[in-house]
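Notes follow once the structure below has been shown.
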Amino acid sequence: MNKLKTSLVAIIVALLISIVLLSGCNQSKPGTRAVNEVVITDSTGRNIAVPQPLNRVVVLNSDAAEAMRILKTQDTIIGIGDTVQKNPYLKMQDKIVVGKWNAPSYEKIVELKPQVVITYSKTPGEELTQKLEPAGIKVVRLDLFKPETYDSDLKSLARMFGKGQEAESFLQWKAEKTAVLASKLKGLPSEQKVKVFAMWANNLGKWKTFAQGTSVHQGIVMAGGINVAGELKDYPEISSEWILKQNPSYSVIGTYDDQELGYAVADYTSVEKLSKKASENEILSKTEAGKKGNIYIIQTKLLGGDKTYIGAFFLARWFYPERFKDVNPEQVLKEYFERWVGVPFQGKWVYPGI
């Protein structure tokens with residue numbers, strides 16, 4: 001009996017030693033990955049092993065910060081870029097600011113000891129990676145501002161936090177909203193589509209517009225309009241003669257100024273001045289848009305890539321009021337803020353109001 005017990009003990013000890021040795025071999029063997037990491041593909045196509053659990057993150061831009069609120073992972077953020085801090089509805093004014101979104105302080109980031117820094121695919125440049133990764137800080141580049149790649153970017157972000165279901169629920173809601181746009185525009189004859197000229201407010205008189213490859217162009221198309229600059233590319237600067245020749249029937253002006261339109265704006269006092277300036281402009285006033293009073297102003301955040309589909313609801317309501325008479329764009333925006341971003345809906349976002 002004693003010999004049997006001794007043999008059993010010896011076998012157990014041998015098994016334990018084998019398990020320990022195998023574990024050690026697996027951890028040191030090249031090409032293997034520890035169980036406390038997850039691999040994601042960022043916007044540059046780079047595969048990155050992200051540590052798990054992920055609970056210390058620096059976010060340099062508001063697009064990524066907003067996406068993290070949608071996924072309900074904002075509590076993991078320990079440092080932010082300046083634009084995140086300035087955004088009133090992201091509610092991150094108490095977070096430590098590590099500098100400008102495009103030129104952060106590497107020293108401040110390292111002091112916070114984050115596991116990951118999230119930024120755009122191109123900005124800041126490769127110096128960010130070169131400075132931080134030797135310190136054990138992973139740099140994940142997710143754009144989250146391009147309509148055509150937003151969904152895949154959000155899924156990659158969700159994978160980092162184990163929030164796949166949350167991402168799928170939001171993207172399903174987003175798909176349902178865009179389907180409403182498509183259904184309302186179904187059967188619209190091409191000859192009835194309105195011609196649209198778009199620009200930002202600070203380009204009034206400089207005539208820089210939005211062509212193929214921009215989220216504004218995609219928003220106009222999504223809303224059933226014809227972008228008069230649709231045959232051009234990116235952000236071309238055009239002449240006043242070109243605008244008069246195109247003779248758009250609608251003009252859409254985007255404003256960055258959060259005193260004119262946005263989450264913290266209580267009335268239309270400031271934006272009315274911009275509207276008057278645009279309506280009286282010597283070029284815009286000569287177009288069909290100016291003559292018929294079809295000059296509209298929108299907060300640029302609604303035409304940025306992460307919310308282009310929401311901005312398109314406002315555009316469509318302006319372009320085709322009869323087709324969209326039973327659709328309230330503000331209700332869509334309200335649902336987005338309250339259900340997904342998790343903040344009360346407020347502010348003035350377009351002018352004239354709908």
Side-chain angles (χ1 to χ4, degrees), residues 43 61-71 87 89-90 142-158 166-186 188 193-194 196 198 200 210-227 230 250 252-256 261-263 296-321 323-343 345 347 349-350 353-354:
S43 297
N61 62 73
S62 57
D63 290 305
E66 190 161 337
M68 288 184 67
R69 285 201 66 96
I70 290 171
L71 298 175
N87 187 308
Y89 66 77
L90 292 179
L142 292 171
D143 283 328
L144 294 156
F145 71 88
K146 299 176 181 178
E148 65 271 23
T149 59
Y150 179 85
D151 291 11
S152 61
D153 286 345
L154 187 70
K155 289 177 182 178
S156 291
L157 182 66
E166 286 79 357
E168 289 298 332
S169 295
F170 170 74
L171 293 176
Q172 181 179 347
W173 175 85
K174 176 173 170 274
E176 289 170 356
K177 298 306 175 186
T178 55
V180 171
L181 276 171
S183 66
K184 292 290 182 182
L185 293 167
K186 187 176 181 180
L188 177 66
K193 290 186 175 183
V194 300
V196 186
W200 288 160
F210 300 86
Q212 291 183 46
T214 67
S215 59
V216 176
H217 170 75
Q218 293 179 52
I220 292 171
V221 172
M222 192 180 295
I226 297 174
N227 182 6
Y250 284 78
V252 176
I253 299 174
T255 177
Y256 286 106
L261 291 172
Y263 191 79
Y296 296 93
I297 304 173
I298 187 169
Q299 223 300 328
T300 58
K301 286 185 173 63
L302 296 188
L303 286 179
D306 66 330
K307 290 189 286 296
T308 298
Y309 63 100
I310 297 179
F313 271 95
F314 288 92
L315 299 183
R317 178 68 181 264
W318 289 329
F319 300 163
Y320 309 106
R323 283 179 176 262
F324 286 85
K325 61 184 177 182
D326 59 343
V327 175
N328 185 350
E330 282 208 344
Q331 187 59 42
V332 178
L333 185 58
K334 182 177 188 294
E335 187 176 353
Y336 171 79
F337 274 118
E338 297 187 349
R339 179 177 176 183
W340 300 109
V341 183
V343 296
F345 174 66
W349 292 89
V350 300
I354 292 177

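Computed from heavy atoms alone, side chains included, the values below leave out hydrogens, waters and symmetry copies.
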Inset, instruction - Determine, stepwise, if the pair Glu168 / Lys155 fulfils side chain to side chain contact (heavy atoms under 4.5 Å, CB included). - result: CA-CA 8 Å; Glu168 289 298 332; Lys155 289 177 182 178; 3.4 Å; yes
Legend entry - Asp326 vs Lys184, side chain to side chain contact (heavy atoms under 4.5 Å, CB included): CA-CA, chis, key distance, verdict: CA-CA 10 Å; Asp326 59 343; Lys184 292 290 182 182; 3.0 Å; yes
Inset, instruction - Please round to the nearest 0.5 Å and tell me the distance separating atom NZ of Lys301 and atom CG of Asn87. - result: 5.5 Å
Inset, instruction - Name all residues meeting the ring pair (Phe, Tyr, Trp, His ring centres under 6.0 Å) criterion together with Tyr250; count only those two or more places apart in sequence or in a different chain, and write none if there are none. - result: Phe319
Inset, instruction - Would you verify whether the NZ or CZ of Lys177 falls within 45 degrees of the ring axis of Tyr309 while also being under 6.0 Å from that six-membered ring's centre? - result: no
Inset, instruction - Taking the side chain as every heavy atom from C-beta outward, state whether Ser43 and Thr149 have any pair of such atoms under 4.5 Å apart. - result: no
Legend entry - Residue of the set Thr255, Leu303, Ile253 for which side-chain contact (heavy atoms from CB on, under 4.5 Å) holds with Trp200: Leu303
Inset, instruction - Look only at the side chain of Tyr320 and the backbone of Val194, and say whether a donor-acceptor pair between them is shorter than 3.5 Å. - result: yes
Inset, instruction - For the residue pair Trp318 and Ile298, establish whether any side-chain heavy-atom pair is separated by less than 4.5 Å. - result: yes
Inset, instruction - Report yes if some heavy atom in the side chain of Phe145 is under 4.5 Å from a heavy atom in the side chain of Ser62; otherwise report no. - result: no
Legend entry - Test ring pair (Phe, Tyr, Trp, His ring centres under 6.0 Å) applied to Tyr263 - qualifying residues, sequence neighbours left out: Tyr89, Phe337
Inset, instruction - Would you give the length of the straight line joining atom CG of Leu185 to atom OG of Ser183, rounded to the nearest 0.5 angstrom? - result: 8.0 Å
Legend entry - Interatomic distance, Ser152 atom OG to Leu144 atom CG [nearest 0.5 angstrom]: 8.5 Å
Legend entry - Ala158 to Ala167 - nearest heavy-atom pair and separation: CB-CB, 3.6 Å
Legend entry - Close side-chain approach of Val216 to Thr300, heavy-atom, < 4.5 Å: no
Legend entry - Residue pair Gly224 / Leu188: nearest heavy atoms and the distance that separates them: O-CD2, 4.0 Å
Inset, instruction - Would you please test Phe313 and Leu302 for side chain to side chain contact (heavy atoms under 4.5 Å, CB included) and show each step? - result: CA-CA 10 Å; Phe313 271 95; Leu302 296 188; over 6 Å; no
Legend entry - Pro329 to Arg317 - nearest heavy-atom pair and separation: CD-NH1, 3.8 Å
Legend entry - Heavy-atom pair with the smallest gap, counting every atom of Asn227 and Ala211: ND2-CA, 4.0 Å
Legend entry - Distance, nearest 0.5 Å, that separates CG of Leu333 from CD1 of Ile310: 5.5 Å
Legend entry - Over all atoms of both residues, closest heavy-atom pair of Thr308 and Pro147: OG1-CG, 3.7 Å
Legend entry - Separation of Asp306 CG from Leu154 CG (nearest 0.5 Å): 10.0 Å
Legend entry - Non-hydrogen side-chain atoms of Leu142 and Asp153 separated by less than 4.5 Å: yes
Legend entry - Closest approach of Val343 to Arg69 (non-hydrogen atoms, all atoms of both residues): CG1-NH2, 3.7 Å
Legend entry - Pairwise side-chain contact, Glu176 with Gln172, heavy-atom cut-off 4.5 Å (strictly under): yes
Inset, instruction - Would you indicate whether the side-chain heavy atoms of Phe324 and Leu181 approach each other to under 4.5 Å? - result: yes
Legend entry - Any Ile220 side-chain heavy atom under 4.5 Å of Val252 side chain: no
Legend entry - Nearest-0.5 Å distance that lies between atom NZ in Lys146 and atom CG in Asp63: 11.5 Å
Inset, instruction - Determine yes or no for a side-chain-to-main-chain donor-acceptor pair under 3.5 angstrom, with Glu338 supplying the side chain and Phe345 the backbone. - result: yes
Inset, instruction - Starting from the C-alpha separation in whole Å, work towards a yes-or-no answer on side chain to side chain contact (heavy atoms under 4.5 Å, CB included) for Met68 and Leu157. - result: CA-CA 8 Å; Met68 288 184 67; Leu157 182 66; 4.0 Å; yes
